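The next block holds one structure in the form of structure tokens; read it before the comments.
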Protein chains: 2
Amino acid sequence: MIGLSQGVGYAVKALACLNEDGKGHFVREVAECAQVPPAYLTKVFKKLVDAGILTSKRGWAGGTRLARAPGSITLLEITEAIDGNDWNRGCLLGQEFCSDERACPTHDFWKVQREAIAEKLRNTTLAACIEFERNRGTLGTCKSVSHRS
Amino acid sequence: MIGLSQGVGYAVKALACLNEDGKGHFVREVAECAQVPPAYLTKVFKKLVDAGILTSKRGWAGGTRLARAPGSITLLEITEAIDGNDWNRGCLLGQEFCSDERACPTHDFWKVQREAIAEKLRNTTLAACIEFERNRGTLGTCKSVSHRS
DNA sequence: TTTATAATCGACACAAAGGTCGAATATATA
DNA sequence: TATATATTCGACCTTTGTGTCGATTATAAA
């Protein structure tokens, strides 16, 4: 199946559930809101924290929140946080050695397509995703996630 | 890593090593020519036989050969033989439920890209691959594969 | 300082792709 | 018919992505 990993999809859906109130939100509640496996989402969130997209705090009144405004977070950032920086380096035909010097028959074509995909991800912000979901009414049933303090 | 499976790459490289002399060629020799794992190539070839791209015969004077002329075999056929018919149905963001009715933010974009990829694979024949490799001198060191009878 | 709490960590389980190996099967020739 | 031979088949292994669970750690409030 051609495309990014499922983890990227989880990340996008979950991040779209966080709002910008500066309060910490709990992984389990975000998971329910986004309809993704809670235990697995903790792993996804860890990568997003490491990438500087989320911040987190443990304990009472802890939780997770966006590190920056949704308008400054791109899908490309999210993708690279989850799938790594090499997600865009592969050959279409899955060949191990495929480069400008030693190309496969679809190399030039794929180079253009890959860049188009990266460009699309770079130009799509989390804010746009939230707006998109809101317009379609597909953001899940929860309005906002509860918090303490 | 975005792209088709490694098996598709193996298939393309191996098929490019078969010539049209109507003789049977041996999996192990084709594997050496294409520089792919021999034991694994038998599995790949099985799928190509089932798909009607190759024919095979067991025993003495047996082997494998192209079922049709390279000009009538497309990369799309090869792709679907190895990765199945669903290789092109997935969401870019790896979301399970993503359709025209319930779209992800990149759905419309990805629909166009997917079709462009399918079109490229449909328009690229095995003959073109052979020609391409021959021009670049990247077809491996073997000229042709030995055979019996 | 104790306690409740939420993220973090480590271990494990499962499925699919990639990969290997030996036994079984079919086939043309001798 | 017997034999050598090349594909086919089944079993198994490893790695990676997905997913679960319980223990650990950090934190703010009581």
Side-chain angles (χ1 to χ4, degrees), chain A residues 1-11 13-14 18 23-32 34-50 54-65 67 79 81-84 86-87 90 94-96 145-149, chain B residues 1-11 13-14 18 23-32 34-50 54-65 67 79 82-84 86-87 90 93-96 145-149:
Chain A
M1 192 72 86
I2 198 166
L4 303 169
S5 76
Q6 209 172 339
V8 174
Y10 288 168
K13 285 172 73 178
L18 294 172
K23 307 284 174 57
H25 302 283
F26 309 143
V27 174
R28 284 178 224 312
E29 290 180 332
V30 175
E32 189 177 1
Q35 304 269 63
V36 305
Y40 190 60
L41 189 60
T42 65
K43 289 193 173 182
V44 171
F45 269 20
K46 175 59 168 45
K47 290 184 178 178
L48 295 173
V49 168
D50 290 345
L54 290 178
T55 61
S56 63
K57 202 162 53 169
R58 291 174 169 185
W60 215 97
T64 301
R65 72 197 70 180
T79 296
I82 305 297
D83 283 1
D86 291 358
W87 70 274
Q95 296 191 352
E96 192 178 359
V145 188
S146 71
H147 49 78
R148 210 178 307 272
S149 93
Chain B
M1 191 73 85
I2 197 166
L4 302 170
S5 76
Q6 208 171 341
V8 174
Y10 288 167
K13 286 171 72 178
L18 295 172
K23 305 286 174 57
H25 301 283
F26 308 142
V27 173
R28 285 182 220 313
E29 289 181 333
V30 175
E32 187 176 4
Q35 303 268 61
V36 304
Y40 190 60
L41 189 60
T42 64
K43 290 193 172 181
V44 171
F45 269 20
K46 176 56 167 48
K47 290 184 178 178
L48 296 173
V49 169
D50 291 345
L54 290 178
T55 60
S56 63
K57 200 162 55 169
R58 292 176 168 182
W60 215 96
T64 302
R65 70 197 70 182
T79 296
I82 305 297
D83 282 1
D86 292 357
W87 68 275
L93 302 181
Q95 296 190 352
E96 192 178 358
V145 188
S146 71
H147 48 78
R148 210 176 308 272
S149 93

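Everything quoted here is computed from the prediction, not taken from an experiment. Order of the sequence lines sets the chain letters (A, B, ...), proteins ahead of strands, with each chain counted from 1. Heavy-atom basis, side chains included; hydrogens, waters and symmetry copies ignored.
Distance A/E96 CD to C/dG18 P: 12 Å, rounded to the nearest Å. As rounded to whole Å, 20 Å separates atom P of C/dC12 from atom OH of A/Y40. The NZ-P distance, from B/K47 to C/dG18, rounds to 8 Å in whole Å. The distance from atom NZ of B/K23 to atom P of D/dT5 is 19 Å, rounded to the nearest whole Å. Taking atom CD of B/Q6 as the reference point, atom P of D/dT14 lies 19 Å away to the nearest angstrom. At whole-Å resolution of the value, CH2 in B/W87 and P in C/dA17 are 16 Å apart. Atom-to-atom, CD1 of A/I82 to C1' of D/dT16 comes out at 16 Å; the value is rounded to the nearest Å. Between A/E29 atom CD and C/dA7 atom C1' the separation is 14 Å, expressed in whole Å.
Taking only distance into account, the side chain of B/K43 never meets the base of C/dG18 through a donor-acceptor pair shorter than 3.5 Å. Judged by distance alone with a 3.5 Å cut-off, no donor-acceptor contact links the side chain of A/R58 to the base of C/dT8.
Residue A/W60 places its side chain closer to D/dT27 than to any other of D/dT27, C/dT8, D/dT8. Distance from the side chain of A/A39 is smallest to D/dC21 among D/dT7, D/dC21, C/dT8. Taking every side-chain heavy atom of A/V49 into account, C/dT8 is the closest of C/dT8, D/dG19, C/dT20.
Minimum interatomic distance between B/V27 and B/F45 (heavy atoms only, all atoms of both residues): CG2-CD2, 3.9 Å. Scanning all heavy atoms of the two residues, the minimum distance from B/A31 to B/P38 falls at CB-CA, 3.6 Å. Nearest heavy-atom pair across A/T64 and A/S56 is OG1-CB, 4.1 Å.
Residue-level contact check: A/K46 touches the backbone only, with heavy atoms under 4.0 Å from sugar-phosphate atoms and none from bases. Heavy atoms of A/R28 sit nowhere under 4.0 angstrom from any nucleic acid atom. Among the heavy atoms of the strands lying under 4.0 Å from A/K57 are primed sugar atoms or P, OP1, OP2 only; no base atom is included.
For A/Y10, a side-chain nitrogen or oxygen approaches OP1 or OP2 of D/dG19 to under 4.0 Å.
Between the A/D83 side chain and the A/S5 main chain, a donor and an acceptor come within less than 3.5 Å of each other.
To the nearest 0.5 Å, atom CD of residue B/Q95 and atom CG of residue A/L4 are 10.5 Å apart.
Between A/S5 and B/T42, the one whose closest nucleotide on DNA chain D sits nearer the 5' end is B/T42. Heavy-atom nearest nucleotides on DNA chain C were determined for A/F45 and for A/G59, and the one closer to the 5' end corresponds to A/G59.
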